[in-house]
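Reminder, nothing fancy here: chain letters follow the sequence lines and each chain counts from 1.
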Amino acid sequence: MPLIQADGISIEFPLYHVGARSLKKRLLARSPIRLKEDESHRIVVAALRDLTFRIEPGERVALVGSNGAGKTTLLRTLAGIYEPVAGRLEVNGTIGSLIDPGAGMDTEATGRENIILRGLFLGMSESECERLAEEAGRFSGLGEFLDVPIRTYSAGMAVRLSFAAATLMEPQILLMDEWFLAGDADFIERASERLSQLVEGADILVLATHNMSIVRQWCTRAIKLSGGRIVADGPVAEIVEA
Amino acid sequence: MRSPTLPLASPRYVRDAADPRHVERAIDDMRGGLARWRLAMALARLDIRNRYRGSVIGPFWLTVSTAVMVAGIGLLYSTLFRLPLTEYLPYLTVSLLVWNTLNQIINDAGNSLIASEGVIRQVPLPYTVHVLRFVIRNVIVAAHSLPLIAVVFLICGVVPGWGALMALPGLALLFINAFAGGLFLGMICARFRDIQQIVASVMQLAFFMTPVIWKPELLREWQVLLPLNPFFALMETVRGPLVEGGASWLIWLAALVYTAAACAVAFVFFVRFRARIAFWV
């Protein structure tokens, strides 16, 4: 049964390649909010602080909050990229992440090669990948450009390819960042059908967005983040209108 | 639409900071990474293609530059060392090729994870995949040099016997070390960006300290100390069988010990710091 259970998870980003020593001095002068010093005297950014929540199957969760609130970090943590430094995270179900449009894309390779690569990232066999490339090529409407290196693509074409490649799977848990809602209007129209298919097919949706009309349209629950903490959690109507 | 045969992340996972199970997760990572060798291979092929994009002969440039070096150094040093050219040339060719491969591997090892930064931060994959990608990339580059050995052997009339097949386990050892090195140096260099420069200067020194262009016999009574040089031991397990009718058991033992040590250190580091890699790159 798909499920996400988080008990007090925290994520800290160490600041390695900045002048930590002089930064430390400056920090001591002020009272820092999200920058702090950990046990081994490194300066870290507390990206997520002590998050506890449970997402049941069938829930459509919107992560809302201002820039830098920790929405994307939380998505990446749920996807299994960052490991929490504290707390316990349990994720049950196949995960599809639509977090970054260019994830794992090689700009020198052709569109077709990139889709095959994406399939391989997902653990598919080569023949399955070839089939996917055909399917994605049709959907993205790239036509003959499918066999041209993607560095020559226009921004719109790149988004179309990324979208087609990213929506090839049918996950139980769908993690999505709001970049999907950017792009030319013509494509959004075609994409929205595919997206709603994907959203309806998934048992759990976690969507990070600023767009409140999307939240109202798709989501049943909203978690509001601020400064890496959960400040509100409840039905969309309650959180968004407040 | 269909569900993937090997799911992106395992369908169920638990991350508990209070109970990290480092060893188990590291072994899972390796198993998962090796199972995805197809992906590593595809990525390695792309790396090679991107590196030599637009070049007509691509990785064969390395072969050409080695050939030029072999011809130049061969003529000069066979005179300096008073060795017949037909004896010195095959030795030098194999030496230089093995050394170039070794040098390339070690200098590239620090990049094994940094180069995959984009993927590491976006797609949850076993880290072993990225290291495997680096190893395969170097195997492909090394394979381009094989014709040069054949050409030089033909010119100098060297006929390697069946014993030359012992170079294969030697090569296997070399690439096992490459894997361990890629894992270890990959992590260290991702965390401390200065290490890569240090490695490069150490390798420069090592080139002169290791019998690459000179023969071990020139050291006379100090020869016994040579197996202490890991580069020599690893190189000799490939070079010995090809041009000197085999390597001594001491060399093999030394090479095995160094390999085991490299693997052990790499594994310990991987177990301890695997979870931090995503924050380092």
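- Between A:Asp106 and B:Asn50 the shortest heavy-atom distance is OD2-ND2, 2.9 Å.
- Summarising the local packing, CD of A:Glu56 is surrounded by more than 12 heavy atoms from other residues, nucleotides or ligands at distances under 6.0 Å.
- The shortest distance between side-chain heavy atoms of B:Arg45 and A:Glu113 does not fall below 4.5 Å.
- Using the six-membered ring where Trp is involved, A:Tyr82 and B:Phe279 have ring planes that are parallel, under 30° apart on the 30 and 60° scheme.
- Within a 6.0 Å radius of CZ in A:Phe145, other residues, nucleotides and ligands contribute 12 heavy atoms or fewer.
- Heavy atoms closer than 4.5 Å to chain B are found in the backbone of A:Thr77, but not in its side chain.
- Within a 6.0 Å sphere centred on CZ of B:Arg31, heavy atoms belonging to other residues, nucleotides or ligands number 12 at most.
- For A:Ile4, no part lies near chain B; criterion is any non-hydrogen pair under 4.5 Å.
- The shortest side-chain heavy-atom distance between A:Val85 and B:Arg276 falls under the 4.5 Å cut-off.
- Of the listed residues (A:Gly119, A:Pro171, A:Gly87), the one with the most heavy-atom contacts under 4.5 Å to chain B is A:Gly87.
- Rounding to the nearest 0.5 angstrom, the gap separating the CD atom in A:Glu126 from the CZ atom in B:Arg38 is 5.0 Å.
- Contacts of B:Arg49 with chain A are made by side-chain atoms alone, with heavy-atom separations under 4.5 Å and no backbone atom involved.
- For B:Pro124 against A:Ala79, the heavy-atom pair with the smallest separation is CG-O, 3.1 Å.
- In terms of non-hydrogen atom pairs under 4.5 Å with chain B, the most contact-rich of A:Ile9, A:Leu120, A:Ile81 is A:Ile81.
- The two residues B:Val119 and A:Phe121 come nearest to each other via the heavy atoms CG1-CE2, 3.7 Å.
- Heavy atoms of B:Ile120 lying under 4.5 Å from chain A belong exclusively to its backbone.
- In this structure, chain B has no heavy atom under 4.5 Å from any part of A:Ile173.
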